[in-house]
Each structure stands twice: as C-alpha cells, then as structure tokens.
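Below is one structure; the comments refer to it alone.
Counting starts at 1 for both ligands and their atoms, following the listed order.
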Amino acid sequence: MIALGSDHAGFDLKEAVIEYLKSENIEYRDYGCFDRSSTDYAIYAEAACNGIISGECDKGILCCGTGIGMSMAANKIHGIRAAACSDYFSAMATRLHNDANVLCLGERVVGKGLAIELVKVFLNTQFEGGRHARRVAQIMALENK
Ligand code: RB5
C-alpha cells in the first residue's frame with residue numbers, strides 16, 4: 001500500500017501518480033489534499049507518513065511545488081526517510097543506499113512523464129543493505145539524540 005499526500009501545488013502531480021498506480025493495480029491510500037485550494041504541505045506529510053509508521057502503508061509519495069517542503073516535514077517524523085528527487089539516478093540511489101521510504105516530488109520541478117519514471121524506479125528498486133544498512137542505522141540513531 002502506497003501512502004500519498006500533496007498540497008495544492010502538488011495536487012495535479014498526485015493525480016497523475018494516482019492514475020499510474022491505478023493502471024498498475026498498485027494499492028494506495030490518498031491522505032489529501034483533495035482539491036487545489038491553498039493549503040499547507042506539513043499537514044499531508046504528517047498524515048501520509050503516519051500511514052507508513054502505523055504499518056498500513058509500505059512507502060509514500062508526497063507532492064508539493066518543489067518536493068522540498070514535503071521532504072523537510074516528512075523527515076521530522078520518526079522512522080521516515082524521505083528524499084526529494086528530480087532525477088532518475090537519485091530516485092534509484094535513495095532506495096539502493098538510503099532505504100528511503102518516501103519519495104517527494106515537485107510539480108513545479110518535474111514534468112508528469114519524468115515524475116512517473118521516478119515513481120517506477122523508486123517503487124521497484126530494493127535496498128542493497130550491507131554497508132548501507134550500517135549507515136541507515138546511523139541516520140536513524142540521530143532521531144534519539
Ligand atoms: C506552495 O506554494 C509551495 O511553497 C509548496 O508547495 C512547496 O513547494 C514547499 O516546499
């Protein structure tokens with residue numbers, strides 16, 4: 001199950017992600033927002049990330065204007081490793097090396113076609129583990145300092 005969230009500036013991109021997930025029969029839960037009215041991204045970052053922390057969802061995709069506000073908010077939540085990506089290599093590498101569980105996308109940064117490629121590689125790339133597991137554990141230990 002994929003947790004989705006956006007603010008108004010990422011709403012249309014989230015709709016495109018939903019269309020893709022539907023076409024692939026990938027289950028998702030949409031934590032809002034639900035229209036283009038101006039709103040605040042941290043609300044939806046928190047809601048969607050809580051869906052991951054609760055175990056209901058495995059990963060998340062958050063959309064805002066840049067992807068940056070969403071990633072900043074999401075990374076404040078214990079257990080979340082969110083990456084704002086606008087290129088293919090980073091979306092792949094953040095799964096391979098960082099075991100990112102949230103992909104953040106900027107509707108004002110990437111076109112829909114590229115965004116869907118980023119979603120595909122993010123969802124289909126497995127964490128490499130090994131030395132990267134030690135490093136991810138070090139990141140997560142920072143939450144307790
Ligand atoms: C909204 O105008 C915009 O600031 C927001 O979507 C996001 O880009 C923030 O990082």
- Message: With a heavy-atom distance limit of 4.0 Å, tell me whether Asp7 approaches ligand 1 through its side chain, its backbone, both, or neither.
- Response: side chain
- Query: Counting only heavy atoms not in Glu128, do more than 12 fall under 6.0 Å of its CD?
  - Reply: yes
- Task: Tell me which part of Ala9 gets within contact of ligand 1: side chain, backbone, both or neither, using heavy atoms under 4.0 Å.
- Result: side chain
- Message: Do the side chains of Glu117 and Lys120 get close enough for a salt bridge, i.e. N-O under 4.0 angstrom?
- Response: yes
- Item | Heteroatom proximity flag, Gly65 to ligand 1, N/O under 3.5 Å | yes
- Item | Closest approach of any protein heavy atom to atom 3 (C) of ligand 1, naming residue and atom | Arg108 NH1, 3.8 Å
- Can a donor-acceptor pair be found between the side chains of Ser54 and Asn50 at a distance below 3.5 Å? no
- Message: Check this for me: Met72, atom CE, are more than 12 non-hydrogen atoms of other residues, nucleotides or ligands nearer than 6.0 Å?
- Response: no
- Task: Tell me which protein heavy atom sits closest to atom 9 (C) of ligand 1, plus the residue, atom name and distance to 0.1 Å.
- Result: Tyr41 CE2, 3.4 Å
- Counting only heavy atoms not in Glu27, do more than 12 fall under 6.0 Å of its CD? no
- Query: What's the shortest distance from atom 8 (O) of ligand 1 to any protein heavy atom, and which residue and atom give it?
  - Reply: Thr66 N, 2.9 Å
- Query: Salt bridge or not for Asp12 and Arg36, using N-O below 4.0 Å?
  - Reply: yes
- Message: How far is atom 10 (O) of ligand 1 from the closest protein heavy atom, and which atom is that?
- Response: Gly69 N, 2.9 Å
